[in-house]
**Q** 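Take a look at the following structure, please.
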Amino acid sequence: MSKEQALSDKKIQAIRGMNDLLPDQSPYWQYFEAQVQTLMQRYGYAEVRMPIVEQTALFARSIGEVTDIVEKEMYTFDDRNGDSLTLRPEGTASCVRAAMQHGLLHNQTQRLWYQGPMFRHERPQKGRYRQFHQVGVETFGLEGPDIDAELILLSARLWKQLGLLEHVTLELNSLGSLEARAAYRDTLVAYFEQHLDLLDEDSRRRLTSNPLRILDSKNPDMAAMLDAAPQLMDHLDAESREHFEALTATLDAAGIGYVINPRLVRGLDYYSRTVFEWTTSALGSQGTVCAGGRYDGLVEQLGGKPTPAVGFAMGIERLILLLETLDLVPDEATPSLDLYLLGMDAAASREALLLGETLREALPALRVQVHCGGGSFKSQIKKADKSGARLALLLGENELAEGSVTVKFLRDEREQCSLPRDGLAAALSELLNVA
Ligand code: ATP
Ligand code: MG
């Protein structure tokens with residue numbers, strides 16, 4: 001091994017499954033985030049930001065002890081004073097905690113949203129990371145199917161805005177009330193016990209702890225048996241059935257297509273009644289881009305007053321991957337420079353820096369980069385070209401003396417020209433069509 005290689009091997013790398021977001025990608029994120037922000041404003045949802053670290057008990061008590069997340073995916077560590085803390089694996093529990101702690105649930109309804117990183121120790125692969133990002137929406141104090149429908153309409157509008165609507169499918173199910181689910185659970189366990197030989201190890205373990213989750217198994221050897229299992233839909237309590245029918249009627253009226261998936265149970269314990277996922281076939285096996293549902297029992301479970309709630313979370317990485325795969329990121333999402341300013345010597349370079357400020361002052365929409373760091377004319381022009389700018393503005397001894405700039409057209413076959421510094425902003429605004 002060469003000395004150089006030995007040195008580079010020692011370079012510290014990012015943690016597996018935790019990604020850097022580099023300049024070639026950040027415009028996509030900014031585009032997506034801007035779309036989300038305006039969408040939330042259009043629906044009257046308010047943003048909240050929670051810490052990324054919480055007490056471990058919050059997640060154990062809300063998500064459920066016998067879930068993939070709590071059993072094996074959490075980043076849990078002891079704080080220096082011995083408290084057990086966890087990097088949040090999802091946002092709902094934190095959002096409920098914050099809303100309760102600050103009295104947002106007292107005799108009022110809330111429509112909240114957040115975005116940010118989540119952490120799960122999963123096997124990294126395309127569309128699955130250990131630090132990933134979600135946009136989450138949570139509503140509190142609303143028990144009717146109208147708000148379930150609104151959440152779905154809101155997400156559908158986002159797909160429409162992004163050009164994704166025809167590439168995603170809405171899957172719906174109802175988990176019914178706690179009581180209905182408990183009765184169904186017994187029916188389901190009895191069915192699974194007749195097919196013990198077909199259950200894989202994970203599922204056998206879940207048979208006593210969380211049998212509904214077996215329905216969620218992706219094991220192809222179990223698929224036929226699971227398809228033939230008794231369905232929760234047939235065991236719903238009357239109120240949950242009514243709720244579900246009102247939701248589907250609203251979606252029908254709004255022209256939102258959906259598929260009822262009786263095996264959709266979601267991986268977290270806190271759901272009741274409506275659950276839904278938006279999926280795509282364009283991303284391989286990591287096809288769920290948005291998932292949510294009703295969790296009427298969670299606030300009480302965490303020590304608050306009974307409060308109906310419904311929400312969803314979408315995975316930003318998967319959505320951006322989808323936009324890229326389908327080539328749906330508009331060119332405007334990656335803004336390019338209008339101008340690159342450069343000076344031939346130290347005095348002209350300082351002038352270029354000042355001219356940049358003058359132009360930005362006059363033309364707020366103008367995108368200007370001023371060359372820094374000196375260098376030969378040739379190397380500066382190369383940088384100008386590489387910057388993607390449409391025009392290069394050159395300042396040299398002559399230009400300073402006569403109060404002009406030389407304009408080079410970097411993207412058009414067009415002779416360079418000279419423009420007076422007086423009235424330059426107006427002339428550029430016309431040339432570039434920017435205000
Ligand atoms: P999956 O079935 O893909 O494991 P999940 O049911 O664990 O998803 P949720 O907890 O419902 O996912 O999270 C909502 C969304 O967040 C998912 O639909 C997905 O888009 C995204 N997501 C979840 N886990 C990851 C991850 N490890 N990496 C990237 N995105 C993720
Ligand atoms: Mg998961």
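Each ligand, and each atom within it, is numbered from 1 in the order the structure gives. Quick caveat: nothing in here was measured; it's all calculated off a predicted structure.
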**Q** Where's the contact between E277 and ligand 1, heavy-atom distance under 4.0 Å: side chain, backbone, both or neither?
**A** neither

**Q** Given 3.5 Å as the limit, does a donor-acceptor pair link the side chain of R318 with the main chain of V289, or not?
**A** no

**Q** Below 4.0 angstrom from a heavy atom of R120, which ligand 1 atoms are there? Numbered from 1 as shown, please.
**A** 5 (P), 7 (O), 9 (P), 10 (O), 12 (O), 13 (O), 23 (C), 24 (N)

**Q** Mind checking whether D68 contacts ligand 1 via backbone (N, CA, C, O), side chain (CB onward), both or neither, at a 4.0 Å heavy-atom cut-off?
**A** neither

**Q** For ligand 1, which atoms, with element, lie under 4.0 Å from some heavy atom of A313?
**A** 14 (C), 15 (C)

**Q** For ligand 1, which atoms have a heavy atom of V289 less than 4.0 angstrom away?
**A** 20 (O)

**Q** Please report, to 0.1 Å, the donor-acceptor pairs under 3.5 Å made by any side chain of residues 325-333, with sequence neighbours excluded.
**A**
residue	atom	partner	partner atom	Å
T325	OG1	L321	O	2.5

**Q** T288 heavy atoms, cut-off 4.0 Å: which ligand 1 atoms fall inside?
**A** 17 (C), 18 (O), 19 (C), 20 (O)

**Q** Taking 4.0 angstrom as the limit and counting only heavy atoms of Q134, give me the atoms of ligand 1 inside it, by number and element.
**A** 13 (O), 14 (C), 15 (C), 16 (O)

**Q** For ligand 1, which atoms, with element, lie under 4.0 Å from some heavy atom of A291?
**A** 11 (O)

**Q** Charged N to carboxylate O under 4.0 angstrom, E357 versus R360?
**A** yes

**Q** Does the pair R263/D227 count as a salt bridge with the N-to-O cut at 4.0 Å?
**A** yes

**Q** Going by atom types alone, do Q134 and E90 pair a side-chain donor with an acceptor below 3.5 Å?
**A** no

**Q** Yes or no: does Q286 have any heavy atom under 4.0 Å from an atom of ligand 1?
**A** no

**Q** How does E317 reach ligand 1, if at all, at less than 4.0 Å between non-hydrogen atoms: by side chain, backbone, both, or neither?
**A** neither

**Q** Is there a donor-acceptor pair under 3.5 Å between the side chain of R367 and the backbone N or O of S336?
**A** yes

**Q** With sequence neighbours excluded, give me every side chain to side chain donor-acceptor pair (under 3.5 Å) pair touching residues 300-313.
**A** none

**Q** Mind checking whether E90 has a heavy atom under 4.0 Å from ligand 1?
**A** no

**Q** K218 versus ligand 1: do any nitrogen or oxygen atoms come within less than 3.5 Å of each other?
**A** no

**Q** Counting only N and O atoms by type, is there a donor-acceptor contact under 3.5 Å from the side chain of Y184 to the main-chain atoms of P230?
**A** yes

